[in-house]
Amino acid sequence: MKRTLMGCIVGAALAFGGSVGAQDNMMPFGTDTEVNYAAQLWTAMESINMVGDGMLRTFPYEGIAPHGMMLETFYTKATVGGHTGTLLVKRNYGPEGVTEDEVLKEPGKHLGAITVMFKREAGYDADNQDWFWAKYLPDGSLDKNPKGMQLAGRVAKGKPKGCIACHSGAPGGDYIFTTDHLK
Ligand code: HEC
């Protein structure tokens, strides 16, 4: 009995110490480092008019869950901290039933979220082709999962649901869905 209790205490202390000391290594997303990187990426996206007041527009098209009812998708490149990579920006409009005309007339009112994939430097996440994932709200803050973790980084890596799990099933093995419409 006594021994078990000690084991528990030591185990808990180790788990706690480990999770604090090596937070960034152990948590694939939502850490200060990832949130900070997401803020830098947002600034980079503002400077190329992907987000913010001067954002470029395309004709939105009908979407599917989980990304919203009307979508705009952009393929471009961005530079963060000296690294340039492919940037995929998806603007998600709603609510359900919203029409193309309504979105075109008042895009700001209907924009629900901006989901982003950014190709980072090699080795960032070699298991998943080095994509950085983020889900922003229109004001540039990050959306959160039900546990309150901010959605930036290797989002939900190793979990059965979420950005990486779903996108790893995209045809062609490149984690990208929309390009498949073009083939
Ligand atoms: C349940 C599956 C699923 C989940 C979870 C998911 N996506 Fe997607 N995503 C899709 C599909 C399907 C498309 C293509 C939609 C379309 O027709 O434009 C897409 C498109 C995208 C695109 C445009 C590039 C592409 O693949 O076509 C980005 C960027 C993106 N998602 C980011 C994210 C981020 C960031 C998350 C997590 C916060 C996420 N997605 C979660 C299914 C998913």
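In each ligand, atom 1 is the first atom listed, and ligand 1 is the first ligand listed. One is the number of the first residue; the rest follow in order along the sequence.
Between T178 and ligand 1, at least one pair of N/O atoms sits closer than 3.5 Å. The N/O atoms of Y61, backbone and side chain alike, include one that comes under 3.5 Å of an N/O atom in ligand 1. Here's the thing with Y75: none of its N/O atoms is less than 3.5 angstrom from an N/O atom of ligand 1. For H167, a nitrogen or oxygen atom sits less than 3.5 Å from a nitrogen or oxygen atom of ligand 1, counting backbone and side chain alike.
With a 4.0 Å cut-off on non-hydrogen atoms, D143 does not touch ligand 1 at all. Of all the heavy atoms of T115, the ones lying under 4.0 Å from any atom of ligand 1 are found in both the backbone and the side chain. If you look at A165 next to ligand 1, there are no close heavy atoms at all, none under 4.0 Å.
The aromatic rings of Y175 and W133 are tilted relative to each other, their planes meeting at an angle between 30° and 60°.
Nearest-residue assignment for atom 11 (C) of ligand 1 (options F74, F132, F177; heavy-atom criterion): F177. Relative to atom 4 (C) of ligand 1, the option among A156, A152, C166, A113 with the closest non-hydrogen atom is C166.
Near I176, the atoms of ligand 1 lying under 4.0 angstrom from a non-hydrogen atom of the residue are 25 (C), 26 (O), 27 (O). With ligand atoms numbered from 1 in the order given, ligand 1 contributes 16 (C), 18 (O) to contacts under 4.0 Å with heavy atoms of L71.
In this structure, V116 counts as a contact residue of ligand 1, since one of its heavy atoms falls inside 4.0 Å of the ligand. Note on ligand 1: A134 sits in its first shell, one or more heavy atoms being nearer than 4.0 Å.
With ring centers used as reference points, Y124 lies 6.0 Å or more from H83.
Looking only at distances, no side-chain donor or acceptor of N92 sits under 3.5 Å from a matching main-chain atom of G112. No donor-acceptor distance shorter than 3.5 angstrom exists from the side chain of T79 to the backbone of G82, with no hydrogens or angles considered.
Remark: E121 CD is packed, more than 12 non-hydrogen atoms of other residues, nucleotides or ligands lying under 6.0 Å away.
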Please tabulate, one pair per line, all N/O donor-acceptor pairs under 3.5 Å involving side-chain atoms of residues 44-51, not counting sequence neighbours.
residue	atom	partner	partner atom	Å
E46	OE2	W42	NE1	3.3
S47	OG	A44	O	2.7

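Here D125 does not pair with R120 in a salt bridge; the nearest charged N to carboxylate O distance is not below 4.0 Å. Between E34 and R154 there is a salt bridge, since at least one side-chain N of the basic residue sits less than 4.0 Å from a carboxylate O of the acidic one.
With rounding to the nearest 0.5 angstrom, the CG atom of L87 is 10.0 Å from the CE atom of M117.
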